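Model, not experiment: these values are computed from the prediction.
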Amino acid sequence: FIISSIYLYSLSLSAASVLVRKPKLDWKASFDLAKKIIWKIIGITLIISVIILVPLTVAIILGMSFFLINKLAGVLSLIAVIILSIIYIGYIILRLFFALPVLFFENKNVMESLKQSYSMTKGRSKEVMRIFGLIFLVAFCVGIVSSIAGALVEDFAFSENMLENAVYWAVTILTYLANAFVGALTTLYLFYSYLDFTKSTVTKKAVVLKKKSKIWSELLKNHSISRK
């Protein structure tokens, strides 16, 4: 089940990247890309998990150790650990947010994708936060609706009443399709946002270089005038 879920996730990302590149979805190209890139996706997921979990585990252990001193010190340290953990997780997510798009569109390996995402998001946290915030909000709302719908029909599961049974499976299938549809849309939004982000990055670099060139030209001009 885990392997099939990972492959389906890889396939959905591959299909989205193919659709972004081409006006028409090519399923053969999507399947081929999914087979080629699945281990890189697993690698990025594992490395990001380690980057997040290892420091958090150490911080929690250190925080808990303050209970050996006294209860107040332990409580205060845990509060500090929780606050710092939230900040740290948010920081890592924002800086490595584009690792998967880089992997798909720049043909980089795992470490190069992580490094490029970290580099390109420097100083642009607000832009990344807007993209991440919209994706998170949509996914969160759909998840809440799906959970409520599932809870409402939970008692109908495997009911002897055919109508209740039919309602349960209809709601289950619809929520699954809704989640899949929203997942596809948010992936497309992520990939298109990445492409726009890279274009704006190139534009900003060009503007900076133009300003520097203009400054140097003025300095050389002034220097030549002063020498005369």
* **4.5 Å side-chain heavy-atom contact, Thr121 and Leu94** => no

* Asked: Same cluster or not: are Leu185 and Leu190 linked, directly or through other Ile, Leu, Val, Met, Phe, Trp or Tyr residues, by side-chain heavy atoms under 4.5 angstrom apart?
  -> no

* Asked: Any ion pair linking Glu127 and Arg124 (charged N to carboxylate O, less than 4.0 Å)?
  -> yes

* Asked: Any side-chain heavy-atom pair from Leu100 and Tyr194 closer than 4.5 angstrom?
  -> no

* To do: Look at the side chain of Glu164 and the backbone N and O of Asn161, then say whether any donor-acceptor pair between them is shorter than 3.5 Å.
  => no

* To do: Please confirm whether the backbone N or O of Ala34 pairs with a side-chain atom of Ser10, one donor and one acceptor, at under 3.5 Å?
  => yes

* Pairing of Asp32 and Lys36 as salt bridge, 4.0 angstrom limit -> no

* List the steps and the verdict of side-chain contact (heavy atoms from CB on, under 4.5 Å) for Tyr176 and Ser146. => CA-CA 8 Å; Tyr176 178 81; Ser146 298; over 6 Å; no

* To do: With the side chain counted from C-beta on, respond yes when Tyr118 and Leu114 share a heavy-atom pair under 4.5 Å apart, and no when they do not.
  => no

* To the nearest 0.5 angstrom, please state how far the CD1 atom of Ile44 sits from the CH2 atom of Trp39. => 14.5 Å

* To do: Identify the two heavy atoms, one from Val50 and one from Pro55, that lie closest to each other, and give their separation to 0.1 Å.
  => O-CD, 3.7 Å

* To do: Give a yes or no on this: more than 12 heavy atoms of other residues, nucleotides or ligands lie within 6.0 Å of atom CZ of Phe66.
  => no

* To do: Tell me whether Val128 is reachable from Tyr91 by hopping between hydrophobic residues (I, L, V, M, F, W, Y) whose side-chain heavy atoms are closer than 4.5 Å.
  => yes

* Asked: Applying the 4.5 Å side-chain criterion to the ILVMFWY set and letting contacts propagate, would Ile42 and Leu33 be lumped into a single cluster?
  -> yes

* Asked: So which heavy atom on Phe191 is nearest to which on Val20, and how close?
  -> CB-CG2, 4.0 Å

* To do: Could you tell me the separation between the CD1 atom of Ile48 and the CD1 atom of Ile51, rounded to the nearest 0.5 Å?
  => 6.5 Å

* Can you find a pair of side-chain heavy atoms, one from Phe105 and one from Thr198, that are under 4.5 Å apart? -> no

* Can you tell me if NZ on Lys40 sees more than 12 non-hydrogen neighbours from other groups inside 6.0 Å? -> yes

* Counting only N and O atoms by type, is there a donor-acceptor contact under 3.5 Å from the side chain of Ser119 to the main-chain atoms of Gln116? -> no

* Is there a path from Val182 to Leu8 through hydrophobic residues (I, L, V, M, F, W, Y) whose side chains come within less than 4.5 Å of each other? -> no

* Student check: side-chain heavy atoms of Ile83 and Ile79 closer than 4.5 Å -> yes

